[in-house]
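Everything below concerns the one structure shown next.
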Amino acid sequence: MTTETKVWKVSAGAPSREALLEAAALLRSGRTVAFPTETVYGLGADARNTEAVADIFAAKGRPSDNPLIVHIADRSQLEELVAPPEEAVLRLLDAFWPGPLTVVLPVKPGALSPLVTAGLSTVGLRMPGHPVALALIEASGCPVAAPSANRSGRPSPTNASHVLGDLVGRIAGIVDGGEAGVGLESTVVEFAGDVLYILRPGGVTADQLREALPGIPVIEPQAEHREPDAPRAPGMKYAHYAPRGTMVLVQGASDELVHACMQRELDEARARGERTGVLTYAEHADRFRADHVVPCGRMDALETVAHGLYAALREFDEAGVGFIAAEACPEEGLGAAIMNRLRKAAGGRILTV
């Protein structure tokens with residue numbers, strides 16, 4: 001599967017209409033185009049076109065039982081795709097659309113390619129909060145299925161160079177709109193039985209959801225690393241977000257215990273002849289002996305950690321690191337989404353001290 005990949009560089013503040021129309025024409029013709037959102041870069045195709053959607057799976061090397069999120073540019077598109085949402089869901093859309101929230105809803109028969117839903121009776125929908133994404137989707141005239149624009153299992157892309165590194169020659173085009181903002185994928189929720197379930201934590205926190213739906217229980221996912229037989233949403237199954245080296249996530253009752261455990265693991269890896277790396281935070285970057293130390297934002301400002309996490313994981317690959325000790329963070333607010341990604345990146349290799 002080899003194709004010429006065209007790149008359009010656009011400004012998020014005033015995206016080029018000509019570039020977006022050219023990219024939109026590719027989407028309408030059944031091709032795949034990567035584009036920026038406020039979370040990460042997505043790899044888009046017409047969600048109604050099975051052949052086009054199949055090209056997403058082929059380009060990414062993505063398992064076919066992993067459903068795709070569909071992106072829309074206007075809430076009026078809901079009517080053609082899904083059953084009428086409940087009042088609580090509409091309140092969520094009022095509060096968080098456009099933005100990093102995906103809502104799982106019953107799909108209308110025949111409205112989308114069956115590859116999008118992976119055989120489920122539901123589909124995850126979101127309206128991205130990025131001017132380039134909204135303009136591209138609107139110009140395409142179609143609902144756009146778009147998982148992250150990376151090879152399956154790799155850290156998600158937060159800029160166009162990440163997309164090029166993973167998918168050049170495998171997709172038709174890349175709309176380069178600069179750095180993604182949030183840096184982590186959207187929160188995925190499903191409303192069932194008067195309860196809101198968070199299927200995947202992301203850019204909208206559990207506390208924000210509770211504030212938008214007072215009196216409605218909001219159930220967060222379990223923290224342990226488990227893979228469901230039939231994922232209800234992306235990111236619930238398979239190793240995700242992983243660097244090429246082996247990564248161990250360390251969590252514990254105190255910084256001192258965590259750091260001591262991390263250093264022991266690093267020393268053992270170095271004794272085995274491996275190149276070592278540390279994923280930590282700016283406050284703790286001077287506490288480790290390793291070949292490559294990456295401070296990923298500040299623990300007292302978790303939004304900076306979210307923004308830089310995937311780029312940090314890719315940095316270890318660029319440095320040829322074979323073993324990585326990663327420091328856990330508090331799970332309040334965005335920390336829940338960060339820890340979800342770290343557990344997936346570590347493939348369940350978690351040490352508690």
Tell me whether [X] is salt-bridged to [Y], with the criterion being a basic N under 4.0 Å from an acidic carboxylate O.
{"X": "Glu274", "Y": "Arg270", "value": "no"}
{"X": "Arg272", "Y": "Asp267", "value": "no"}
{"X": "Glu38", "Y": "Arg126", "value": "yes"}
{"X": "Asp176", "Y": "Lys9", "value": "yes"}
{"X": "Arg314", "Y": "Asp166", "value": "yes"}
{"X": "Lys108", "Y": "Glu79", "value": "no"}

Please say whether more than 12 non-hydrogen atoms of neighbouring residues, nucleotides or ligands are located less than 6.0 Å from [atom1] in [X].
{"X": "Glu51", "atom1": "CD", "result": "no"}
{"X": "Arg289", "atom1": "CZ", "result": "no"}
{"X": "Arg17", "atom1": "CZ", "result": "no"}
{"X": "Asp194", "atom1": "CG", "result": "no"}
{"X": "Glu179", "atom1": "CD", "result": "yes"}
{"X": "Glu138", "atom1": "CD", "result": "no"}

| For Arg31, the option from Thr3, Asp46, Asn49 that meets side chain to side chain donor-acceptor pair (under 3.5 Å) |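 Per the side chain to side chain donor-acceptor pair (under 3.5 Å) rule, the option paired with Arg31 is Thr3, out of Thr3, Asp46, Asn49.
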
| field | Atom of Ser186, atom of Thr102 and distance for their closest heavy-atom approach | value |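 Distance-wise, the nearest heavy atoms are OG-OG1, 2.8 Å.
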
| query | Any idea which heavy atoms bring Phe96 and Ala212 closest together, and the distance? | reply |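 Shortest heavy-atom separation between Phe96 and Ala212 comes out as CE1-CB, 3.7 Å.
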
| message | Just so I know, are the side chains of Glu190 and Leu196 near enough to count as touching, which here means a heavy-atom distance under 4.5 Å? | response |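 No - every pair of side-chain heavy atoms lies 4.5 Å or more apart.
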
| query | Measuring from Leu26:CG to Thr32:OG1, what's the distance to the nearest 0.5 Å? | reply |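 Those atoms lie 8.5 Å apart.
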
| message | Go through it in stages, so that I can follow the logic: the residues are Ile338 and Leu302, the test is side-chain contact (heavy atoms from CB on, under 4.5 Å), and I'd like the CA-CA distance, side-chain angles, deciding distance and then a yes or no. | response | CA-CA 8 Å; Ile338 294 166; Leu302 289 179; 4.1 Å; yes

| task | Flag the pair Phe288 / His259 as yes when their ring centroid distance falls below 6.0 Å, and as no otherwise. | result |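 Yes, ring centres under 6.0 Å apart.
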
| Can we call the ring centroids of Tyr310 and Tyr241 under 6.0 Å apart? |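 Judged by ring-centre distance (under 6.0 Å), Tyr310 and Tyr241 do meet the cut-off.
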
| field | Stepwise side-chain contact (heavy atoms from CB on, under 4.5 Å) test for Val123 and Leu112 | value | CA-CA 9 Å; Val123 65; Leu112 298 168; 3.7 Å; yes

